[in-house]
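Some notes on the structure that comes next.
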Amino acid sequence: MNRRMAEYNHREVEQTWQRFWEENQTYKTETDSRKPKYYVLDMFPYPSGAGLHVGHPLGYIASDIFSRYKRLKGFNVLHPMGFDSFGLPAEQYAIQTGQHPAVTTERNIIRYIEQLKNIGFSYDWSREVRTSDPGFYKWTQWIFMELFRSWYNNEADRAEPIETLVAKFEQNGNQSVNAPCDDNTPTFTAEQWRAMSEQEQYDMTLKYRLTYVADAVVNWCPALGTVLANDEVKDGVSERGGYPVEQKKMRQWMMRITAYADRLLHGLDQIDWSESLKEQQRNWIGKSVGAEVTFQIENREETIKVYTTRVDTIYGVTFMVLAPEHELVPELTTPEQREAVEAYVNAAKLRSERDRMADVKTVSGVFTGSYVINPFNGEKVPIWLADYVLAGYGTGAVMAVPSGDQRDWTFATHFGLPIVRILDAQKDLDTQADATKDGRYVNSGIINGLTYQEAIPVLIRFLEENGIGKAKTNYRLRDAVFSRQRYWGEPVPVYYKDGLPYLIDETDLPLELPAVDKYLPTETGEPPLGRAEDWKYKGEYEYELSTMPGWAGSSWYWYRYMDPHNNQAFASKAAVDYWRDVDLYVGGSEHATGHLLYSRFWNKFLKDRGYVPEEEPFKKLVNQGMIQGRSNFVYRVKESVGEGKAPVFVSAGLLESSDWPTMAVTALHVDVNIVSNDVLDIEAFRKSRPDLTESPDGIPAEFILEDGKYICGAEIEKMSKSKYNVVNPDDIVERYGADVLRLYEMFLGPLEQAKPWNTNGIDGVYRFIRKFWRLFYEEKADNTSKWIVTDDAPTPAELKVLHKTIKKTQDDIEAMSFNTTVPAFMVCVNELTSLKCSKRAILQDLVVILSPFAPHITEELWAVLGNEPGTVTKTGFPAFEEKYLVEDAFEYPIQINGKVRTTISFAIDRAPTEIEKEVLSNETVQKWLEGKAPKKVVVVPKRIVNVVV
RNA sequence: GCCGGGAUGGCGGAAUAGGUAGACGCGCAGGACUUAAAAUCCUGUGAUCCGUAAAAGGUCGUGCGGGUUCGAUUCCCGCUCCCGGUACCA
């Protein structure tokens, strides 16, 4: 092991240890109940063709440091990695090239693993999972089946097997069943239930199941040929690809996530996530408490239900507004208004979601000609249509109170509708609405003179007694669309008989993705699976042709790591009971309303059905910030382009100077990998981009330099291939070593903060690593190195340096504040260097505390120190002993009124200076301290500080 | 609009139960070693004033304006700007 290197050779050392770890299965984890468990999880990546860039490992490095630290602290750490390997890009690539997505996905995964191993992560690769692996998606399909076999019992507030629902039906019909179900479910008695045919009964249970088929208005993306979930649509276009999305009614599999809305909301209070992330989920769930009120349509049978959070403003209602898509619109439209209404409805249909959003300020609407009766005061209220009312929220109808709601006020003012004051505290209503709840009601019938608090129960009682409404809680959260008209996803394990969906036999799981000749929809517009020939019951039954969405596999994958090769269950009970939940989850905040919400939903479901022990899957969650790219630019003189002219590039610093007045230049992206500290490697540039550095007829470019260098401009942008700002971690590892990459990414700034990648500072970390090496080795004149570690006893000063670092490292890692730990190491090594400390006792501990950050060099030095190779991860984290820090601490008596009242411990580790003594004996200071009986006073020159009473 | 987070040297960023602001790194400047370069090491580096052989010293300084305090980057009130999320949600 004693390779004596003059300089630290990261290539050799890293290869040695990575091989060692692999051969010895150093990071293989067993379910070991003798040790406390700790589960550290990274959000697994989608293996894209572009490979990893330096932004990806940021969170992985942090979680790896934490895992290694926890191992040192005696925990049995589960730290796995896998791949979210179903997804659109592979499929689109398949459409273009005809290659099976499995092939390209496999290739990408191999590349990812290679890149990840390069960085020296301590993953247990024997537990790797892939969502596209039939052995994995067998269980995704199984969970889908369990959801299908379950309903949500609101009374017990949990999911239950469908059999318990059927038992209830048999006893009392569905009148006493309190469960979320299809809106159009008829009520029936036990007798009626028994009178139904088996098929009718089955059909009835379909309305209650946690996954169900429904006609839903979905986000249809024609370019991608599939539907998208709400969280996959950003600004009216698809998140992937940016294609337009339109609203379309389609028959889809749905997930009844709304059944869990309240539990998803309240569960947030128990978990250690960032406030912003919890807030995002709260907003997404969007709970609002209000009331539903039924309005009778004048001269007609039908009624219109509205939802309001301000039922107290009911006497201020002067009109009602329906969404243009509201089902009663045709009936309500009077002959005189027909033309105007139809024009409006058609216009609304044509307007894309995006236009509607962009155009918030325009007031538009149309009168239907009909009226409803306000049930509280019997007044006639005109019914209008307007596209500011959304069909998908509440009941698709709102009661408009222009005095209390700004939007209603604007509408009323625009169309000349009346505005009625309802509270005496409302301000002047001529210029705007006033949404106050203060004051007492006026013009308000039965609540006149009451306050808001008093009025609400009166109104709710009135609604309930007259059967015209009730208190109601609404959620913004919608049931999740679960169907995708794609090929590269999990097949839904369902077939159809007489138009009704049935689960396939469980013994036929996994229902494997069949081969198809093309990855496009069929000529008849069916999804790609319509092309499949080798279904097991082809011809016998009709199969479900849609596949599951990307979030299906990722909504439970953390359980698979616990027992990844199990064929009998998604994970054994023993494994799940031991590993339970994820203690630390690290990943990007972009999954706030997607993956992280769906995962919590499925977890709660699995908990309800007794398959997992914890209500929440991710106890603590840390979002790493995105690493942006830092693009470099060269500036080409516009006039120098063309045949017969040498292209001229001007250094950035000269652009503004008077030597180059108003120079017309074009800024061009230049590959950041040939730029160092903004200085361009001109030769590399010439070689890699002859298209830019030569004229069309081959005249080489000229470079106008400053101080002999070509300086590039820079800008922060998203890291992307087209901007030539992608930095591959492999290149950094090759040049500086994995340990430097790891330390540097942590050093860059707070983990959670978004920050640009900038290689400029990396040399500092590189120097630190080599300096660390030189604590052990000294270079000799003949370019070999001398081992300089001694067995001498450490001095107090050296012990102090060590223990200061132990404490700092421990505190920082627990707080995941790695950006301040790296400087602490640097200070430590600097101080030991200036103390000329090469003592084994000190270095051994230092190696251990540094090992989570820089595992390769520490493994090397650990072995070289004479310890068993590869055992640094098993050695305990050194214990911090305060005595080494406070050895010089000094107690100083404080006299108050001539008596010693207390002693002072100095936080500074030295005796007080003359100035400080003088301050302490100062009469006013003594007087000021009088009566405060300080326990501790920290003294700094000229001031007294920090009186701890 | 609403919700969440932020603003500190030339740059990335340290420091908040209130207590010597600018740790550490980059960059820059000077020096040592070297035939030279690389590498390495040492010194200096917020602004400004006064001043010296060298020093010492003063004033200002954490986005802006106030407040509390012996003392504020930190706490309170009022703004400005930036980043992230979200939106005709009744």
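Every value quoted in this text rests on a predicted model; they were computed, and no experiment measured them. First the proteins, then the strands, lettered A, B, ... as listed; each starts at 1.
A:Arg282 comes within 4.0 angstrom of nothing in the nucleic acid, heavy atoms only. Contact annotation for A:Glu275: no contact, since no heavy-atom pair falls under 4.0 Å across all strands.
The base-pairing partner of B:C81, taking Watson-Crick or G-U wobble contacts with both distances under 3.5 Å, is B:G6. Nucleotide B:G27: paired with B:U45 (Watson-Crick or G-U wobble, both distances less than 3.5 Å). B:A56: no Watson-Crick or G-U partner with both key distances under 3.5 Å is found in any strand. Searching all strands for a Watson-Crick or G-U wobble partner of B:G71 with both distances below 3.5 Å returns nothing. Under the Watson-Crick or G-U wobble criterion, with both distances below 3.5 Å, B:C88 has no partner in any strand shown. Across the strands present, B:U34 finds no partner; the criterion is a Watson-Crick or G-U wobble pair with both atom distances under 3.5 angstrom.
Distance noted for atom P between B:A14 and B:G22: 15 Å (whole Å). Distance check on atom C1': B:U8 versus B:C2 gives 29 Å, rounded to whole Å. Using atom P as the reference point in both B:A54 and B:C41, the two lie 30 Å apart (nearest Å). Distance noted for atom C1' between B:G6 and B:G12: 16 Å (whole Å). Separation of the C1' atoms belonging to B:A37 and B:A32 is 16 Å when rounded to the nearest angstrom. Annotation: B:A15 and B:G9 have their C1' atoms spaced 15 Å apart (nearest Å). One C1' atom belongs to B:G1, the other to B:A17, and the distance between them is 36 Å to the nearest Å. When the P atom is compared between B:C64 and B:G10, the two are found 14 Å apart, to the nearest whole Å.
Checked by atom type, the side-chain pair A:Tyr393/A:Ser288 shows a donor-acceptor distance below 3.5 Å. No donor-acceptor contact under 3.5 angstrom links the side chains of A:Ser589 and A:Asn623, judged on distance only.
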Got a list of side-chain donor-acceptor pairs under 3.5 Å for residues 313-322 of chain A, not counting sequence neighbours?
residue, atom, partner, partner atom, Å
A:Thr313, OG1, A:Arg310, O, 2.7
A:Tyr315, OH, A:Ile446, N, 3.2
A:Thr318, OG1, A:Pro418, O, 2.9

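Between A:Phe411 and A:Trp384, the two ring planes are perpendicular [angle over 60°; tilted spans 30° to 60°]. In this pair, A:His10 and A:Tyr8 present their aromatic rings tilted. The plane angle is within the 30 to 60° band. By the 30° and 60° cut-offs, the orientation of the rings of A:Phe772 relative to A:Phe776 is perpendicular.
The 12-atom threshold is not exceeded at CD of A:Glu327, counting heavy atoms of other residues, nucleotides or ligands nearer than 6.0 Å. At most 12 heavy atoms of other shown residues, nucleotides or ligands fall within 6.0 angstrom of atom NZ in A:Lys807.
Contact annotation: A:Arg767 does not reach the phosphate of B:A39 (side-chain N/O to OP1 or OP2, under 4.0 Å). Residue A:Arg476 has a polar side-chain atom (N or O) positioned under 4.0 Å from OP1 or OP2 of B:A87. Within the structure, every side-chain polar atom (N or O) of A:Tyr388 is placed at least 4.0 Å from both OP1 and OP2 of B:A90. Between B:C89 and A:Arg407, a contact under 4.0 Å exists linking OP1 or OP2 to a side-chain N or O.
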Could I get a table of every N or O pair under 3.5 Å where one atom is in the protein and the other is in nucleotides 11-13 of chain B?
residue, atom, partner, partner atom, Å
B:G12, O2', A:Leu748, O, 2.9
B:G13, OP1, A:Gln753, NE2, 2.5

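In summary, A:Glu275 and A:Arg282 engage in a salt bridge, as defined by a charged side-chain N under 4.0 Å from a carboxylate O.
When all heavy atoms of A:Pro402 and A:Ala412 are compared, the closest pair comes out as CB-CB, 3.7 Å.
Here B:G6 presents its P atom at 11 Å from CD of A:Glu752, a figure rounded to the nearest Å. Going from atom OH of A:Tyr777 over to atom C1' of B:U40 covers 19 Å, rounded to whole Å. We find that CG of A:Leu596 is positioned 15 Å from P of B:G85, with the value rounded to whole Å. Between A:Phe818 atom CZ and B:C24 atom P there is a gap of 22 Å when expressed in whole angstrom units. The CD-P distance, from A:Gln280 to B:A87, rounds to 11 Å in whole Å. Regarding A:Trp409, its CH2 atom lies at a distance of 17 Å from the C1' atom of B:C88, rounded to whole Å. A:Asp812 has its CG atom 12 Å from the C1' atom of B:C24, to the nearest Å. Note: CD (A:Glu279) to C1' (B:C83) measures 18 Å, nearest angstrom.
Contacts of residues 820-831 of chain A with RNA chain B (heavy atom under 4.0 Å): A:Thr820, A:Pro823, A:Met826, A:Val827, A:Asn830.
With a 6.0 Å cutoff to the six-membered ring centre and a 45° limit on the axis angle, A:Arg770 counts as a cation-pi contact of A:Tyr766.
Between A:Tyr307 and A:Asn283, the residue whose closest nucleotide on RNA chain B is further toward the 5' end is A:Asn283. Each of A:Leu277 and A:Lys808 has a nearest nucleotide on RNA chain B; the 5'-most of these lies closest to A:Leu277.
Classification of B:G31 as anti follows from a glycosidic angle more than 90° from 0.
In the set B:U40, B:G4, B:C89, the nucleotide with an atom closest to the side chain of A:Ser276 is B:G4.
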Please test A:Ile65 against A:Arg742 for side-chain contact (heavy atoms from CB on, under 4.5 Å), starting from the C-alpha separation and ending with a verdict.
CA-CA 9 Å; A:Ile65 289 169; A:Arg742 292 167 61 106; 4.1 Å; yes
